[in-house]
Amino acid sequence: MVKIYAHRGNKSEFSENSLEAFDSAVYLGVAGIELDVHLSKDHELIVIHDETIDRTSNQAGYVKDLTLAELKEAKLLNPDGTVSDNKIPTLDEVIDLLAEKKFTGELNIELKTDQIEYENIEANVLQLIEQKDVSFDVIYSSFNWNSLKRIREIDADATIALLVVQSLLDKYADRIPELHANALHIDYLLTETLPENLLNKYPLRIWTVNGQDNLKHYLFDSKIELEALMTDEPFQALELIRLHSQIV
């Protein structure tokens with residue numbers, strides 16, 4: 001059965017990349033949780049998707065230009081755009097929450113270095129995971145080839161996954177094996193056109209699959225063997241699996 005990853009936590013019901021969204025995802029029983037990491041002005045690992053806090057909070061500014069204290073003054077927005085009581089979390093806080101909730105799945109940490117190459121972010125993330133001695137599996141992903149290479153150089157046993165979009169395939173499809181990635185995280189729209197040299201060579205985790213029709217197709221009817229799908233709607237995905245299991 002295809003694994004369900006909660007994309008930025010349970011973001012269809014709670015502020016994306018918030019502790020509340022991650023807590024909900026664990027409660028739902030997902031196999032994996034995906035989150036995004038940037039670096040603050042004072043070198044703290046910040047869990048947020050965008051380079052700025054403008055879209056997802058009631059404040060503005062680039063993460064790289066704000067200290068942790070300044071970032072903590074912002075409040076995250078709910079899915080309906082209203083202001084919540086949730087604050088922007090650090091990766092440290094998320095790890096502690098998952099440990100407290102006894103999460104045993106897979107944590108996908110996306111290093112958001114495709115726009116801004118934060119100095120030493122790879123080493124900082126790996127160091128934190130080592131210090132925490134986590135009981136769950138950690139997958140490091142990025143659109144940035146060099147970030148994944150740096151992770152592999154620091155930790156030869158790290159599990160890495162290349163994020164794949166059409167533009168990357170157009171330029172680097174033949175070179176992807178050089179990265180020695182453990183998996184590919186691909187835009188779900190590319191599943192039917194993946195080159196032969198990549199098809200069936202890597203575990204495939206697709207993003208971001210939403211809506212009942214799409215979820216049904218990629219959970220039950222896809223011709224491509226998938227390991228996992230990432231969704232903003234983990235409850236709906238898990239419910240479809242439950243209902244399907246009662247029929248077959």
Side-chain angles (χ1 to χ4, degrees), residues 5-25 33-98 107-129 131-132 138-148 150-151 154 161-163 165 167-168 185 187 207-208 210 230-232:
Y5 278 35
H7 183 243
R8 307 179 206 169
N10 184 10
K11 72 181 287 283
S12 65
E13 298 184 63
F14 302 97
S15 310
E16 70 175 66
N17 275 321
S18 67
L19 294 179
E20 192 175 28
F22 299 131
D23 187 11
S24 175
I33 291 174
E34 187 268 355
L35 56 75
D36 312 278
V37 176
H38 294 263
L39 208 59
S40 69
K41 184 178 180 179
D42 47 352
H43 309 293
E44 295 286 345
L45 295 166
I46 306 300
V47 177
I48 191 170
H49 179 268
D50 301 353
E51 284 71 27
T52 73
I53 66 173
D54 303 32
R55 178 182 64 84
T56 56
S57 84
N58 64 346
Q59 302 291 328
Y62 277 87
V63 175
K64 69 180 180 63
D65 295 333
L66 299 169
T67 65
L68 176 59
E70 291 169 329
L71 289 163
K72 286 295 187 181
E73 293 177 2
K75 290 187 176 182
L76 292 171
L77 302 183
N78 290 311
D80 64 2
T82 58
V83 178
S84 76
D85 291 327
N86 293 310
K87 296 183 180 298
I88 299 170
T90 63
L91 183 58
D92 195 325
E93 291 171 331
V94 175
I95 298 296
D96 285 348
L97 171 72
L98 297 182
L107 176 63
N108 175 195
I109 299 175
E110 180 182 343
L111 298 162
K112 298 295 290 187
T113 53
D114 49 308
Q115 301 296 321
I116 300 170
E117 294 222 24
Y118 300 101
E119 186 176 2
N120 294 327
I121 188 173
E122 299 87 3
N124 291 352
V125 170
L126 287 168
Q127 183 180 36
L128 176 63
I129 296 301
Q131 288 173 347
K132 293 292 184 180
V138 178
I139 300 161
Y140 304 97
S141 67
S142 183
F143 288 105
N144 187 326
W145 185 295
N146 292 324
S147 272
L148 296 178
R150 283 191 281 268
I151 288 175
I154 298 168
L162 180 65
L163 278 156
V165 290
S167 58
L168 185 146
H185 290 186
D187 182 341
W207 51 271
T208 305
N210 296 321
M230 303 182 191
T231 179
D232 300 333

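Scanning both residues, Glu122 and Thr113, for their nearest heavy atoms gives OE2-CG2, 4.3 Å. Between Ile53 and Ala74 the shortest heavy-atom distance is CD1-CB, 4.1 Å. The minimum heavy-atom distance linking Gly81 with Leu77 is given by the pair O-CD2, 3.9 Å. Across all their heavy atoms, Ser15 and Pro79 have their closest contact at N-CD, 4.1 Å. Among all heavy-atom pairs drawn from Asn124 and His43, the shortest one is ND2-O, 4.4 Å.
For residues 38-54, the pairs satisfying salt bridge (Lys or Arg N to Asp or Glu O under 4.0 Å) are Asp50-Arg55, with sequence neighbours left out.
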- Query: For His49 and Glu16, what are the C-alpha separation, side-chain angles and deciding distance, and is it a side chain to side chain contact (heavy atoms under 4.5 Å, CB included)?
  - Reply: CA-CA 8 Å; His49 179 268; Glu16 70 175 66; 3.6 Å; yes
- After noting the C-alpha distance and the side-chain angles of Ile88 and Val47, does the key distance pass the side chain to side chain contact (heavy atoms under 4.5 Å, CB included) rule? CA-CA 7 Å; Ile88 299 170; Val47 177; 5.9 Å; no
- Task: Applying side chain to side chain contact (heavy atoms under 4.5 Å, CB included), run through Asn144 and Leu111 and close with a yes or a no.
- Result: CA-CA 8 Å; Asn144 187 326; Leu111 298 162; over 6 Å; no
- Before giving the answer on side chain to side chain contact (heavy atoms under 4.5 Å, CB included), spell out for Thr56 and Asn17 the whole-Å C-alpha distance, their side-chain angles and the decisive distance to 0.1 Å. CA-CA 9 Å; Thr56 56; Asn17 275 321; over 6 Å; no
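A distance of 9.5 Å separates CG in Leu45 from CD in Gln127, rounded to the nearest 0.5 Å. Distance CD/Gln59 to CG/Leu66: 9.0 Å, rounded to 0.5 Å. Of the inter-residue distances, the one linking Leu163 atom CG with Asn108 atom CG reads 7.0 Å to the nearest 0.5 angstrom. The CD1 atom of Ile48 sits 11.5 Å away from the OG atom of Ser40 when rounded to the nearest 0.5 Å. A distance of 11.5 Å separates NE2 in His185 from OG1 in Thr208, rounded to the nearest 0.5 Å. Taken to the nearest 0.5 Å, the CG atom of Leu68 stands 10.0 Å off from the CG atom of Asp92.
A distance-only check finds a donor-acceptor pair linking the side chain of Asn210 to the backbone of Asp232 [under 3.5 Å]. In terms of modelled atom types and a separation under 3.5 Å, the side chain of Asn78 and the main chain of Asp80 share no donor-acceptor contact. In this structure a side-chain-to-backbone donor-acceptor pair under 3.5 Å is present from Glu34 to Arg8. Ser141 places no side-chain N or O within donor-acceptor distance of the main-chain N or O of Ala161, the cut-off being under 3.5 Å. Not a single donor-acceptor pair under 3.5 Å links the side chain of Asn86 to the backbone N or O of Ser18. In this structure, the side chain of Thr90 does not engage the main chain of Ile46 through any donor-acceptor pair within 3.5 Å.
No more than 12 heavy atoms of other residues, nucleotides or ligands shown are found within 6.0 angstrom of CD on Glu119.
A heavy-atom distance below 4.5 Å is not found between the side chains of Phe14 and Leu76. Put simply, the side chain of Leu168 does not reach to within 4.5 Å of the side chain of Phe143, judged on heavy atoms. Within the 4.5 Å cutoff, side-chain heavy atoms of Ile129 are placed close to those of Tyr140. Residues Leu39 and Val63 fail the side-chain proximity criterion, which asks for heavy atoms closer than 4.5 Å. In this structure, the side chains of Leu107 and Ile139 stay at 4.5 Å or more apart for every pair of heavy atoms. Two residues are said to be in side-chain contact when any heavy atoms from C-beta on lie closer than 4.5 Å; Val94 and Ile33 fail this criterion. Contact of the Tyr118 side chain with the Val37 side chain is not registered, since no non-hydrogen atoms from C-beta on lie closer than 4.5 Å. Counting only heavy atoms from C-beta outward, the side chains of Leu162 and Leu148 approach each other to under 4.5 Å.
With respect to the salt-bridge test (charged N to carboxylate O, under 4.0 angstrom), the residues Lys87 and Glu93 do not qualify.
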